[in-house]
Number of protein chains: 2
Amino acid sequence: MTNTATMNRKSAERAARQELILQGALTVFKDKGLEGAKIDEIARVSGFGKATLYYYFTSKEEIFSALLLHGWRSLWRELEEIAVGSDSPRATFISLLKKIAELVNTDRPLYEFLFQAPQSYTREENERSEWKAYQNRLYKVLMELIEEGIQQGEFPKLEPRLIMKAMGGLFHGLVFLGKDRDTITENEIEEMLSNLLG
Amino acid sequence: MTNTATMNRKSAERAARQELILQGALTVFKDKGLEGAKIDEIARVSGFGKATLYYYFTSKEEIFSALLLHGWRSLWRELEEIAVGSDSPRATFISLLKKIAELVNTDRPLYEFLFQAPQSYTREENERSEWKAYQNRLYKVLMELIEEGIQQGEFPKLEPRLIMKAMGGLFHGLVFLGKDRDTITENEIEEMLSNLLG
DNA sequence: CTAATATTCGACCCACAGTTCGAATAATCG
DNA sequence: CGATTATTCGAACTGTGGGTCGAATATTAG
């Protein structure tokens with residue numbers, strides 16, 4: 001195994017198989033949760049033998065984390081350019097949420113998992129798992145936008161944390177609540193947010 | 001055992017012990033969830049032997065359901081009088097949410113459990129468990145208030161379901177999001193809701 | 001082609017947690 | 001007081017499911 005081209009292909013194939021496993025894992029985790037999902041089922045759904053999963057991942061938790069990390073990475077990739085833009089705080093804030101809503105409509109299972117799974121999982125030490133960094137970064141960005149927005153009079157003069165809770169809850173409700181059959185439009189998001197922000 | 005008075009006392013004691021068990025179960029379920037909570041721990045916390053729990057309940061799930069039913073019953077008892085009152089739809093709607101927020105501040109563990117647990121549990125057939133009826137009743141009442149409110153021009157002219165999602169999410173965010181250390185005041189609730197409702 | 005290495009997988013292992021057993025103790029009745 | 005019934009509980013049972021093993025197959029190297 002000194003051939004470089006071969007090694008590249010192999011590692012690409014390896015990554016591709018990991019993708020397949022994660023894809024299957026998502027459909028199982030999605031409506032079963034971390035505990036409810038059985039390794040055997042993930043194996044069956046993703047079309048590999050059970051032991052093969054352990055050839056690519058060291059544990060069930062690692063599969064779970066890898067999925068989360070994968071999702072947050074791609075989410076952040078989409079949001080980053082908006083976050084560093086030079087619009088006003090309020091405009092940026094709204095753009096971010098609209099972008100997230102748009103993405104959710106693109107791949108609902110993934111994002112439902114991304115935003116719902118953590119709470120049933122965030123036990124003790126896992127706080128410092130890698131995906132959590134992305135979540136914190138997003139939280140921090142939104143929080144700073146709110147603070148700047150308040151200073152510039154674009155947001156109501158309330159505790160930033162309170163506004164954050166309100167906006168977060170409102171957004172979550174609009175996008176994820178209900179039988180999720182009806183996707184939310186960006187206009188509806190914007191209208192609601194504008195109402196709340198006065 | 002033909003003595004009636006004795007039988008009454010016994011059944012009262014039996015109910016009291018069930019209460020104790022549920023009380024212990026709540027503290028365990030609260031931050032461990034249905035799967036994460038171990039029967040042994042519930043037994044230890046509530047001060048009974050493990051087997052004794054099965055003398056009072058037939059299964060772990062029954063304990064879980066009983067807790068939910070118990071909570072929803074007492075919640076509904078508090079809300080009912082407001083719901084049947086003769087205030088305007090909007091006033092009634094806001095009163096209901098404020099009342100819930102007030103109750104949450106009274107017994108946070110219980111209500112956090114009530115509003116958070118179902119989602120990690122609502123699997124298949126359990127849809128028709130008894131507590132679910134109360135949840136549906138509350139949902140229906142709120143929905144009708146929104147519809148009436150729209151007709152009377154007290155709410156923005158949007159799809160009722162959309163308003164429901166928005167208000168539900170907003171409320172949930174305000175009351176339950178965050179490290180829950182800071183309790184929300186009724187005034188803050190009212191202000192936010194009024195903003196959103198225009 | 002042959003040896004070495006990479007990959008796959010079902011069968012097995014075993015720890016854990018829900019449930020049951022059987023005996024021991026407490027309460028009630030006649 | 002016995003006798004009967006209600007209650008309690010730790011020990012033992014059992015099914016489930018995460019994780020491992022070893023053999024079989026495929027792939028690459030030389």
Side-chain angles (χ1 to χ4, degrees), chain A residues 1-25 27-29 31-67 120-121 123-124 126, chain B residues 1-25 27-29 31-67 120-121 123-124 126:
Chain A
M1 168 100 37
T2 39
N3 186 327
T4 317
T6 303
M7 280 175 68
N8 283 342
R9 177 171 57 76
K10 283 235 156 185
S11 96
E13 280 174 355
R14 185 180 173 86
R17 283 182 213 114
Q18 284 187 333
E19 281 289 332
L20 282 177
I21 293 172
L22 289 182
Q23 198 175 315
T27 76
V28 180
F29 279 134
D31 43 30
K32 304 287 181 70
L34 175 56
E35 315 266 354
K38 317 300 174 197
I39 288 279
D40 288 88
E41 192 177 356
I42 297 177
R44 190 172 49 70
V45 169
S46 53
F48 290 90
K50 183 211 271 235
T52 305
L53 263 59
Y54 284 88
Y55 185 73
Y56 288 98
F57 297 94
T58 68
S59 71
K60 182 182 173 181
E61 273 213 12
E62 197 192 75
I63 297 177
F64 193 85
S65 297
L67 201 49
S120 78
Y121 169 68
R123 295 273 163 268
E124 309 99 42
N126 300 321
Chain B
M1 170 96 38
T2 38
N3 188 327
T4 316
T6 302
M7 281 173 67
N8 282 343
R9 177 172 55 78
K10 284 236 156 185
S11 93
E13 281 175 354
R14 183 178 173 87
R17 283 183 213 113
Q18 283 188 334
E19 281 290 330
L20 282 178
I21 293 172
L22 289 183
Q23 198 175 315
T27 75
V28 181
F29 279 134
D31 43 28
K32 303 288 182 71
L34 175 55
E35 315 266 353
K38 317 299 176 199
I39 289 280
D40 288 271
E41 193 176 355
I42 297 177
R44 190 172 49 70
V45 170
S46 53
F48 290 90
K50 184 210 273 235
T52 305
L53 264 57
Y54 285 88
Y55 185 73
Y56 288 98
F57 297 94
T58 69
S59 71
K60 182 182 175 183
E61 272 214 13
E62 198 191 73
I63 297 178
F64 193 84
S65 297
L67 201 49
S120 79
Y121 169 67
R123 297 271 163 271
E124 307 98 45
N126 300 322

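Just so we're on the same page: letters track the sequence lines, and every chain starts at 1. The figures here come from the full heavy-atom set of this structure, side chains too, leaving out hydrogens, waters and symmetry mates.
In this structure, A:Arg17 reaches the C:dT8 phosphate: one of its side-chain N or O atoms is under 4.0 Å from OP1 or OP2. Taking side-chain N and O atoms only, B:Tyr55 has no distance below 4.0 Å to OP1 or OP2 of D:dT8. OP1 and OP2 of D:dT7 both lie 4.0 Å or more from every side-chain N or O belonging to B:Thr52. Taking only side-chain nitrogens and oxygens, A:Tyr54 comes nearer than 4.0 Å to OP1 or OP2 of D:dG19. Residue B:Tyr56 places none of its side-chain N or O atoms closer than 4.0 Å to OP1 or OP2 of D:dT7.
Considering only heavy atoms from C-beta on, B:Leu53 stays 4.5 Å or farther from B:Lys60 through its side chain. No side-chain heavy atom of B:Leu22 sits less than 4.5 Å from a side-chain heavy atom of B:Tyr56. Looking only at side-chain heavy atoms (C-beta outward), A:Glu62 and A:Tyr54 stay at 4.5 Å or farther from each other.
Contacts between residues 39-51 of chain B and DNA chain C, counted as heavy-atom distances below 4.0 Å, involve B:Ile39, B:Lys50, B:Ala51.
Both B:Glu13 and A:Arg14 sit near DNA chain C, but only A:Arg14 has its closest nucleotide nearer the 5' end.
Atoms CZ (B:Phe57) and C1' (D:dT8) sit 16 Å apart, rounded to a whole Å. Counting to the nearest Å, the P atom of C:dG10 and the CG atom of A:Leu53 are 12 Å from each other.
A distance of 11.5 Å separates CG in A:Leu67 from CD1 in A:Ile21, rounded to the nearest 0.5 Å.
Remark: A:Gln23 CD is loosely packed, at most 12 non-hydrogen atoms of other residues, nucleotides or ligands lying under 6.0 Å away.
With sequence neighbours excluded, the residues satisfying side-chain contact (heavy atoms from CB on, under 4.5 Å) with B:Val45 are B:Thr27, B:Val28, B:Glu41.
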